[in-house]
Structure formats: structure tokens, C-alpha cells
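To start, the structure under review is shown below, and the notes come after it.
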Amino acid sequence: MIAVIVNEELFQLEDQCLRVAEMIKKSKTMTSYFEHKQSMKESAEVCQLKEAFLSKKKAFENIAAYGEYAPDYREKKRALRKAKRQLDLNEHVAAFRYSETQLQSLLDQIVQALAEEVSNEIKVDAGSPFFETKKHFGCGGNCHAS
């Protein structure tokens, strides 16, 4: 285990991290995220679609363990998927999800840039299969040369 030595450099790094966080909070990407989140929360239609989805989800979960042997298994599964799709396609929800993805992408890019400044050997788990990284040849079997 490595001991962290508290010194002036550590305080400077902490201050810089706080400045980056403040810049992110003031960014257009973050503003858009909060606006779409609020719009989604205030939408009566989203509320109804969410309630319908949760109702169908609960109904399906009650019989899911029995699988194909449960009465109306396929109908309840299909109703759940339809309710989920209706919720996902709502303009407020779609706009929120898009802005959420944009914010996550921004955060991923910042983390990747920081890691690369320290060392190209640092692996960053962005938590998204769509996260784009630089491809390195001979990266220990964790990537495929293309």
C-alpha cells in the first residue's frame, strides 16, 4: 500500500481538480443536461408513461420466474417492452438521454486526457462500450489491431 503524503503539491492538485469541476458545471453540456432533466421531470406525459412502464414491469416480474409456463407470459413481456419503448421515444426522455450521453462523453474525454498526460500505459474504464480510445499496437492482448 502506498502512503499519500500530504504536501503543497497535493493541495495544488486538489485546487485544480475543483477548478475543472467548476468549469464542467458551468459548461453548455452540463447546462443542457440539467435543463433536459428538469423538463423531463415536469412533463405530465413522462410521468404517465413512467407509471405505465413501472406497472407493466411489476406485472412481468411477478411471473418472470415461471417463464413460459406462466399464463400471459409473452403478452406481459411484450406489454413491458412496448411501455419501455414508448417511454424511451418520448421527446423529453430522448432529449435527456442524449444530453446525459453528451455529459458522460465529456467526462470520459477529460479522464482519458488526464490519464494520457500521466502515462500512455494507464487504462481508463469509461464504462461504455462505445467509448473511443486510441488504439495501440502491442497492448498486451487487450486490443485488436485494425
Side-chain angles (χ1 to χ4, degrees), residues 1-2 4 10-146:
M1 185 170 172
I2 299 174
V4 176
L10 184 64
F11 293 130
Q12 288 175 354
L13 284 172
E14 184 179 23
D15 288 343
Q16 290 173 357
C17 286
L18 292 173
R19 281 195 295 273
V20 169
E22 283 303 312
M23 291 173 70
I24 292 169
K25 288 178 186 177
K26 293 176 183 176
S27 72
K28 289 180 183 177
T29 304
M30 189 73 162
T31 302
S32 174
Y33 169 80
F34 282 129
E35 286 173 356
H36 288 110
K37 184 175 183 179
Q38 190 64 32
S39 174
M40 184 178 69
K41 281 184 170 183
E42 293 173 353
S43 170
E45 183 182 3
V46 171
C47 186
Q48 291 171 345
L49 290 170
K50 188 174 180 182
E51 286 176 14
F53 167 72
L54 292 173
S55 172
K56 305 257 190 290
K57 181 180 175 192
K58 185 173 182 169
F60 179 72
E61 286 174 346
N62 287 338
I63 64 162
Y66 302 106
E68 296 287 329
Y69 299 106
D72 300 331
Y73 175 83
R74 289 183 186 175
E75 290 81 7
K76 288 183 179 180
K77 185 175 180 179
R78 178 176 276 214
L80 173 61
R81 288 193 318 235
K82 282 183 178 182
K84 175 69 170 137
R85 181 161 171 76
Q86 285 179 329
L87 180 62
D88 289 343
L89 291 178
N90 176 275
E91 66 181 292
H92 297 288
V93 175
F96 169 72
R97 295 260 168 85
Y98 178 78
S99 64
E100 185 179 46
T101 301
Q102 294 300 106
L103 178 59
Q104 185 63 55
S105 177
L106 173 65
L107 296 173
D108 291 345
Q109 289 171 15
I110 291 168
V111 170
Q112 184 69 38
L114 286 170
E116 287 177 1
E117 284 300 315
V118 174
S119 170
N120 283 333
E121 300 297 318
I122 294 175
K123 295 179 182 174
V124 177
D125 180 12
S128 170
F130 304 110
F131 182 64
E132 296 178 21
T133 59
K134 290 184 178 178
K135 294 187 179 181
H136 299 282
F137 295 102
C139 58
N142 292 332
C143 67
H144 303 282
S146 57

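Note: hydrogens, waters and symmetry copies are ignored here, and every other heavy atom, side chains too, is used.
With sequence neighbours excluded, no residue forms a salt bridge (charged side-chain N to carboxylate O under 4.0 Å, His left out) with R85. With sequence neighbours excluded, no residue forms a side chain to side chain donor-acceptor pair (under 3.5 Å) with R78. Considering only residues two or more places apart in sequence or on other chains, E91 meets the side-chain contact (heavy atoms from CB on, under 4.5 Å) condition with none of them. E22 is linked by a salt bridge (charged side-chain N to carboxylate O under 4.0 Å, His left out) to K25, counting only residues two or more places apart in sequence or in another chain. Checked against side-chain contact (heavy atoms from CB on, under 4.5 Å), E68 has the following partners two or more places apart in sequence or in another chain: Y73, R74. With sequence neighbours left out, the salt bridge (charged side-chain N to carboxylate O under 4.0 Å, His left out) criterion links K28 to no other residue. For the side-chain contact (heavy atoms from CB on, under 4.5 Å) test, no residue two or more places apart in sequence or in another chain qualifies with S55. Residues passing the side chain to side chain donor-acceptor pair (under 3.5 Å) test with K84 are D88, sequence neighbours excluded. Residues meeting the side-chain contact (heavy atoms from CB on, under 4.5 Å) test with Q16, sequence neighbours left out: L13, R19. With sequence neighbours excluded, no residue satisfies salt bridge (charged side-chain N to carboxylate O under 4.0 Å, His left out) with D72. The side chain to side chain donor-acceptor pair (under 3.5 Å) test applied to E100 returns no partner, not counting sequence neighbours.
Checking side-chain atoms of T101 against main-chain N and O of R97 turns up a donor-acceptor pair under 3.5 Å.
A donor and an acceptor atom, one from each side chain of N90 and Q86, are nowhere located under 3.5 Å apart.
The two residues L87 and K50 have their closest heavy-atom pair at CD1-N, 3.9 Å.
Residue pairs meeting the ring pair (Phe, Tyr, Trp, His ring centres under 6.0 Å) criterion with at least one partner in residues 11-37, sequence neighbours excluded, are Y33-F96.
M30 contributes atom CE, which lies 5.5 Å from atom CG of L103 (distance to the nearest 0.5 angstrom). For the atom pair CG of L106 and CD of Q102, the computed distance is 9.0 Å after rounding to the nearest 0.5 Å. Residue K77 holds its NZ atom at 6.0 Å from CZ of R81, rounded to the nearest 0.5 Å.
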- request: Take L114 and V20, measure what side chain to side chain contact (heavy atoms under 4.5 Å, CB included) needs, and give me the verdict at the end.
  value: CA-CA 11 Å; L114 286 170; V20 169; over 6 Å; no

